[in-house]
Amino acid sequence: MSLVTAGLIAFGVIVLVELPDKTLVASLVLSTRYRPRPVLLGVAAAFAVQCVVAAAAGGVSAVSPD
């Protein structure tokens, strides 16, 4: 399987799974009402914060006793 094919399959699966996600819908609605660049930057910043929080929570749970 080529890299492009794998990337397209992964993109398609993720889009199908994330389609009902409210974040995607909110981003689309905000992009139609406001300028796209600030919306994209806000979404990217929020996603980065969410990833940091998730990684920190995972790190805490990895060192906690079972």
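- Around the CG atom of L41, the shell of radius 6.0 Å holds more than 12 heavy atoms that belong to other residues, nucleotides or ligands.
- Pairing each heavy atom of S27 with each of V39, the nearest pair is O-CG1, 3.9 Å.
- Between the CG atom in L30 and the CG atom in L40 there is a gap of 12.0 Å [rounded to 0.5 Å].
- Proximity of I9 to M1: side-chain heavy atoms (C-beta onward) are separated by under 4.5 Å at one or more points.
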